[in-house]
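Every number for a ligand or one of its atoms is a count from 1 in the order of the listing. Computed from a prediction, not measured in an experiment: that's the story for all the values here. Sequence positions, counted from 1, serve as the residue numbers for this chain. Quick note: numbers below take in every heavy atom, side chains included, and nothing from hydrogens, waters or symmetry partners.
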Amino acid sequence: MLTRDVEITSSHVNEFLLSKHIQYLHKYADKSNESYEQVMVEYLRMSGIYWTTTALQMMDADFDKAGRDDILAMIRTCVHPNGGISAAKGHDPHLLYTLSAIQIMVSYDALKDNIIDIDQTVAYIASLNRSDGSFAGDVWGEVDVRFSFCAIASLALLDRLDAIPVDKAIDFVMMCYNTIDGGFGSRPGSETHAGLIYCSLGCLSITGQLDRIDADLLGWWLAERQLPSGGLNGRPEKLPDLCYSWWVLSSLTIIGRLHWIDKHKLLRFILATQDEETGGFGDRPGNLVDPFHTVFGTAGLSLLSHLYSCDPNESIPQNSDNPDADLSTQWKSISEKIKPINPVFCMTQS
Ligand code: GRG
């Protein structure tokens, strides 16, 4: 089998650059920043705000400084008469941006502030549920298990799962299950992919149906995503990408097998993807940083560092002969800088 990978060397960063990341995220969130990059990503702005605010919240930074009132006002301008929410004003509503907006409102404790009409948003989500239990992402009809996750997670956050036939929705998720490797594809019969495993496990976890999968087989496939560099890919024969530190690690966490990964090697990879000058994380060492990789890299570090610093079986004896003792201190120090994250909703949890 072909292994495509990158090399991590001693010249790469090897510590968590907390204050640099906070600076980077505040600069990105600054509403006066109308850079070329900001304009080019307008089509996904709502998710961009979710990534930025979630990363700041995890880093325990002043996340109100990201502009709570402006953000909530912006969400108001993206609500459509049918209850759906778009990425930016004037764009079409979509389940993905509806979920991002709900996540932001929950983080800011703003669901009670009448920014959206919850009944209408619930009706919009339910209207995209098809007779086979699947969800279309929007009125144009593309079906994908990602949209099942967006719908189920949104309804769960609104406490309105009763608005859809949940068992039917999960029947569709299980139609995307691949018994050969224990994973999930985007639609029935499609190739297993780590991102789609996260979405499917999220649906099963929220609805209490994780017993429908072979967790050992799936855990094995997920652990196989780790490459010699320590980084993770999303499927065989692909390059590592920092975002899989979230999709793979959250999935392993949901099925209770996060310890199947070589976390020290992964830590080296994750830290190497930081930009020492600007702050932020990129997909691979040396590449440009962005809020997407910054939130998912940080979220992966959160899962690992909290497992490692809390689990007594994981701790390494602190003595001068033990080369891993430094690593043990490093995990503890990282866990003190990043709040715990919920592996299903990718939102901080107290
Ligand atoms: C709230 C965290 C959160 C998520 C919302 C949209 C969504 C739900 C999850 C996305 C999951 C995901 C990453 C799916 C991947 C889809 C896919 C088949 C990507 C393949 O893209 P390539 O070919 O990537 O560019 P690789 O790494 O396989 O080369």
Side-chain angles (χ1 to χ4, degrees), residues 2-6 43-44 46-55 57-58 85 87 94-107 125 128 135-138 142-158 173 176 178 183-187 189-206 221-222 224-227 231-251 253-254 273 282-284 287 290-300 302-303 341-349:
L2 185 68
T3 301
R4 303 171 68 208
D5 202 1
V6 297
Y43 68 96
L44 48 72
M46 192 66 75
S47 292
I49 295 173
Y50 154 68
W51 301 329
T52 311
T53 51
T54 303
Q57 206 180 15
M58 260 190 289
I85 304 174
H94 193 286
L95 276 182
L96 177 57
Y97 305 115
T98 301
L99 170 61
S100 294
I102 292 170
Q103 289 172 298
I104 298 164
M105 287 186 281
V106 170
S107 296
I125 297 168
L128 295 169
F135 279 85
D138 60 13
E142 183 192 359
V143 165
D144 190 302
V145 81
R146 278 176 297 169
F147 309 142
S148 298
F149 175 74
C150 292
I152 289 174
S154 296
L155 292 174
L157 289 170
L158 297 174
V173 173
C176 302
N178 292 320
F184 291 82
S186 56
R187 282 182 289 275
S190 298
E191 179 191 4
T192 290
H193 190 283
L196 305 165
I197 292 173
Y198 161 78
C199 292
S200 305
L201 291 182
C203 294
L204 297 176
S205 171
I206 291 169
W221 190 90
L222 287 166
E224 286 283 306
R225 304 281 51 79
Q226 190 159 33
L227 296 162
L232 305 167
N233 62 16
R235 47 185 161 155
E237 298 181 31
K238 289 286 194 157
L239 277 170
D241 182 322
L242 178 65
C243 72
Y244 296 110
S245 306
W246 174 252
W247 313 114
V248 172
L249 296 191
S250 57
S251 299
T253 303
I254 293 171
T273 62
D283 58 355
R284 283 179 279 282
N287 287 357
D290 58 71
F292 174 86
H293 289 93
T294 302
V295 70
F296 293 123
T298 308
S302 170
L303 290 175
I341 187 98
N342 181 295
V344 172
F345 292 99
C346 196
M347 297 165 68
T348 53
Q349 57 190 14

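- Every atom of ligand 1 is numbered from 1 in the order shown, and the set under 4.0 Å from a heavy atom of Y244 is 24 (O), 26 (P), 27 (O), 28 (O).
- Under the 4.0 Å distance rule, the nearest protein heavy atom to atom 25 (O) of ligand 1 falls outside the cut-off.
- A donor-acceptor pair under 3.5 Å is formed between the side chain of N233 and the backbone N or O of K238.
- Regarding atom 28 (O) of ligand 1, its nearest protein heavy-atom neighbour is R235 NE, 2.7 Å.
- Checked by atom type and distance alone, the side chain of N178 pairs as donor or acceptor with a backbone atom of S190 at under 3.5 Å.
- Between the side chain of R284 and the main chain of P240, a donor-acceptor pair closer than 3.5 Å is present.
- Of all atoms in ligand 1, listed by their number and element, those nearer than 4.0 Å to a heavy atom of F296 are 2 (C).
- Residue C199 places a heavy atom less than 4.0 Å from ligand 1.
- In this structure, the protein non-hydrogen atom closest to atom 2 (C) of ligand 1 is Y198 OH, 3.5 Å.
- For atom 4 (C) of ligand 1, the nearest non-hydrogen atom from the set W246, F292, F345, W247 belongs to W247.
- Remark: minimum distance from atom 29 (O) of ligand 1 to any protein heavy atom is reached at K238 NZ, 3.0 Å.
- Among protein heavy atoms, atom 1 (C) of ligand 1 sits closest to Q103 NE2, 3.4 Å.
- Ion pairing of E237 with R4 is absent here, as no side-chain N (NZ or NE/NH1/NH2) approaches a carboxylate O to less than 4.0 Å.
- When hydrogens are left out, the protein atom nearest atom 8 (C) of ligand 1 is F149 CD2, 3.7 Å; that is the closest non-hydrogen contact.
- Remark: distances from the non-hydrogen atoms of E191 to ligand 1 are all 4.0 Å or more.
- Counting the atoms of ligand 1 from 1 in the order shown, those under 4.0 Å from a heavy atom of G195 are 11 (C), 12 (C), 13 (C), 14 (C).
- Closest protein heavy atom to atom 20 (C) of ligand 1: H193 NE2, 3.5 Å.
- In this structure, M347 CE and I341 CD1 are separated by 8.5 Å, a value rounded to the nearest 0.5 Å.
- L96 counts as a contact of ligand 1, since one of its heavy atoms falls under 4.0 Å from the ligand.
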Evaluation steps, side-chain hydrogen bond (donor to acceptor under 3.5 Å, both in side chains), between D241 and H293: CA-CA 9 Å; D241 182 322; H293 289 93; 3.0 Å; yes
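- Under the 6.0 Å cut-off for aromatic ring centres, Y198 and F149 qualify, their centroids lying closer than that.
- Two rings, from F184 and H193, have their centers 6.0 Å or more apart.
- From Y50, atom OH reaches atom CD of Q57 across 10.0 Å, with rounding to the nearest 0.5 Å.
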